[in-house]
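Heads up, the thing below is written out as structure tokens.
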Amino acid sequence: MSVELRGITKQVAGVTHIKPVSMVLEPGHFNVLLGQTGAGKTSLIKLMAGLDKIADGQILMDGQDVTKLSTQKRNISLVHQFFVNYPHMNVFENIASPLRVAGMAKSEIEGRVQEAADILQLGPMLKRRPHELSGGQQQRTALARAIAKESRAVFLDEPLANLDFKLREELREQLPELFAGRGAVVVYATSEPEEALLLGGKTALMNDGRVTQFGSTADIYRNPQDLTSAQVFSDPPINVAEVTKQGTTARLGTGVQWVLAGDAAGLADGNYTVAIRPNHVSPVKHDDRAVPVKGTVQITELSGSESSAHFTFGDDSWVSLAPGVHPYEIGQDHQFFMDPSKCYFFAPDGKLVA
Amino acid sequence: MKVVNNRAWLFVLPVVILVAFNALIPMMTVVNYSVQETFGNNVFFWQGLDWFIQLMRSERFHAALGRQFMFTGLILLIEVPLGVIIALSMPRKGFWVPVCLVTMALPMLIPWNVVGAMWNIFTLPDIGLLGYFLNHTLGIDYDMTQDPFAAWVTIITMDVWHWTSLVVLLSYAGLVSIPDAYYQAAKIDGASNWSVFRYIQLPKMKRVLTIAVLLRFMDSFNIYTEPFVLTGGGPGNSTTLLSIDLVKIALGQFDLGPAAAMSLIYFAITLLVSWLFYTLMTKDDAK
């Protein structure tokens, strides 16, 4: 089983909402769609599910062209961000609904529902109606429906976004197991870079209706192919600044400068954009090559074991994220140190060059 | 220690007065009439339950009650399914939504006696648009002033024309409150149009349909103006519904006692059937 997209696009009233997307989604791992709200994740899922018409291109499932096939016949499952269960049916009937529609034998339906309910710990709740369930139980019911159906492709559209923190972590851990070995293509949309990293597999980065990069999650995190991809796959946002390269020296507008090594040293002289992840900008000097950056602290956040500081220097606003508690004072100048070996250099057209 | 403050009575007084004048006093006046006989001059004679017993044995009352149930039953059987079908086929978004809604609401804005008069003229065989067309163009023998069957067809059609919109608007309100996600979920489950109607739309419309059926029952069971203006209860007594008969007894024959007894029974039946409808239709919700 595989889902292949060949240049699919979506238009609404003449405006292109999804620019040509081509990729092959495979089973055995999660395929994460990562992007901010409005990036087109849900639109793309709707196109794959057949809920919206594609303007151009082809969708293939298992090599078979399903572009013109109705949603009803595509044999897919979809779990929404908000909990969609039929309100007048109990949990058992909800999980069984796609099987009943398919005209499956009663005994087999019972077996499948029981299995799915056991996996998602819904056993004691089979007789309850959705409004008698907590949010987590409702979403587990929706997931059980997707599992019991044993469809070819499962689309999970930010399924954990409306759950509280604890439940989200718990379900996120279970999710990869739930779908492991079922042979279905699993597509998981999220707006949180951290979630993509935790789920692993492959990730497609989306921005403004376009897939900017698609590949193994760890790989594209380490090697963003352009500035947009780097920005999409970073939380807190990646630090960006204009840099001038001359000889082996890189210089920011504010006078911060350092000596280049590795690939960056071989670039032609000129202007580039440099980007560095917040966790490589630290208030502590770790080694002698670290480049000092002096900035005015604007906002600080302490999240348990990590502290972050938003600081400005010149026209640029950067974030530092470091383990431990650091005594920042808002409005005061602090010395930060960036690791020059972790810098990405992008050409003016946004392509990664070093 | 509890302080007794009688001023509290002052606060409930407006409601007490309102309910008294609005419901209790008129109602008790009718009860008062229903157990007495009067010939005017404010002289009353005690009758006990005589009027009630007489009425329960009266063939005239049975016939009127039978016609009333037939009328209400027929219009419910036509208006409710028809209203749901129209609501289902109306657009949910776009330019045509307000057009459809306003068109639907129009018949309900017309005063009742105007509706009766309109349909009367419309169906007259010699000058009415419909009446003339049926008789002279299609050659169908149609005269609602002569033929009881034609009279029935006309009052039913008139009521359907006038009030189906109510069912449409209520059902439509129920339909548009269904989030898109349910339709999508049903599509993904592979559900047919019929399953979507049976398992998503109908359950969602159930509450508003309960209201629609109740309102249409009460309104049609108490209907007076439109059939009175259209047929006046005729030809003969063929379209004399309960309310028309009641007015005949009370104001035509000035039999205030029997009319009062009939009003009370009429009221009791309306109340009982409404309660039955409501209980049956909300039975599932209680669970």
Side-chain angles (χ1 to χ4, degrees), chain A residues 13 42 45-52 69-90 93-104 109 127-132 138 141-143 145-146 148-159 162, chain B residues 80-81 84 87-89 91-98 170-214 277-287:
Chain A
T42 303
I45 284 182
K46 280 188 176 176
L47 291 182
M48 291 193 271
L51 294 168
D52 276 336
L69 211 60
S70 70
T71 304
Q72 282 95 326
K73 290 183 181 142
R74 286 194 191 188
N75 188 15
I76 50 167
S77 306
L78 173 62
V79 176
H80 280 274
Q81 171 178 349
F82 41 95
F83 323 128
V84 180
N85 293 302
Y86 304 118
H88 56 283
M89 296 183 186
N90 65 29
E93 291 163 334
N94 261 291
I95 302 175
S97 63
L99 310 178
R100 283 190 179 158
V101 167
M104 194 178 281
I109 292 179
K127 288 274 171 291
R128 294 203 201 158
R129 296 263 179 108
H131 66 89
E132 297 167 313
Q138 289 189 42
T141 306
L143 283 165
R145 190 160 74 229
K149 194 182 173 189
E150 294 183 5
S151 49
R152 300 196 286 182
V154 181
F155 301 108
L156 308 169
D157 189 3
E158 303 195 44
N162 282 1
Chain B
V80 174
V84 171
L88 282 172
S89 46
R92 308 271 155 73
K93 47 190 145 198
F95 168 77
W96 290 104
V97 172
L170 284 169
S171 309
Y172 186 74
L175 277 178
V176 292
S177 74
I178 304 175
D180 261 354
Y182 287 105
Y183 292 114
Q184 292 176 2
K187 266 194 189 173
I188 283 163
D189 280 357
S192 60
N193 286 344
W194 168 251
S195 309
V196 170
F197 173 71
R198 171 69 188 77
Y199 295 108
I200 295 176
Q201 293 172 323
L202 201 58
K204 270 279 179 181
M205 279 194 291
K206 217 182 104 186
R207 276 159 199 270
V208 281
L209 274 182
T210 308
I211 307 276
V213 169
L214 268 181
F277 266 133
Y278 186 78
T279 313
L280 287 176
M281 294 184 75
T282 55
K283 199 175 57 179
D284 281 350
D285 295 349
K287 270 195 278 186

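The sequence lines fix the lettering, A, B, ..., with proteins before strands; numbering per chain opens at 1.
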Checking [X] against chain B: side chain, backbone, both or neither under 4.5 Å from a heavy atom?
X        : value
A:Asn85  : backbone
A:Arg145 : side chain
A:Lys73  : neither

Quick check: closest heavy atoms across [X] and [Y], and the distance to 0.1 Å?
X        : Y        : value
B:Ala181 : A:Val84  : CB-CG2, 3.5 Å
A:Pro98  : B:Asp189 : CB-OD1, 3.6 Å
B:Tyr182 : A:Pro87  : CE2-CD, 3.7 Å

Atom group of B:Tyr183 that falls short of 4.5 Å from chain A, counting heavy atoms = neither
Verdict with supporting geometry, B:Ile188 and A:Lys149, side-chain contact (heavy atoms from CB on, under 4.5 Å) = CA-CA 10 Å; B:Ile188 283 163; A:Lys149 194 182 173 189; 4.1 Å; yes
With sequence neighbours left out, write down each residue that passes side chain to side chain contact (heavy atoms under 4.5 Å, CB included) with B:Tyr278, or none if nothing qualifies.
-> B:Thr210, B:Leu214, B:Thr282
Would you give the length of the straight line joining atom OH of B:Tyr199 to atom CZ of A:Arg100, rounded to the nearest 0.5 angstrom?
-> 8.0 Å
What residues of residues 76-83 of chain A sit under 4.5 Å from chain B when you count only heavy atoms?
->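 Against chain B, the residues of residues 76-83 of chain A that fall inside the cut-off (heavy atoms, under 4.5 Å) are A:Ile76, A:Ser77, A:Leu78, A:His80, A:Phe82.
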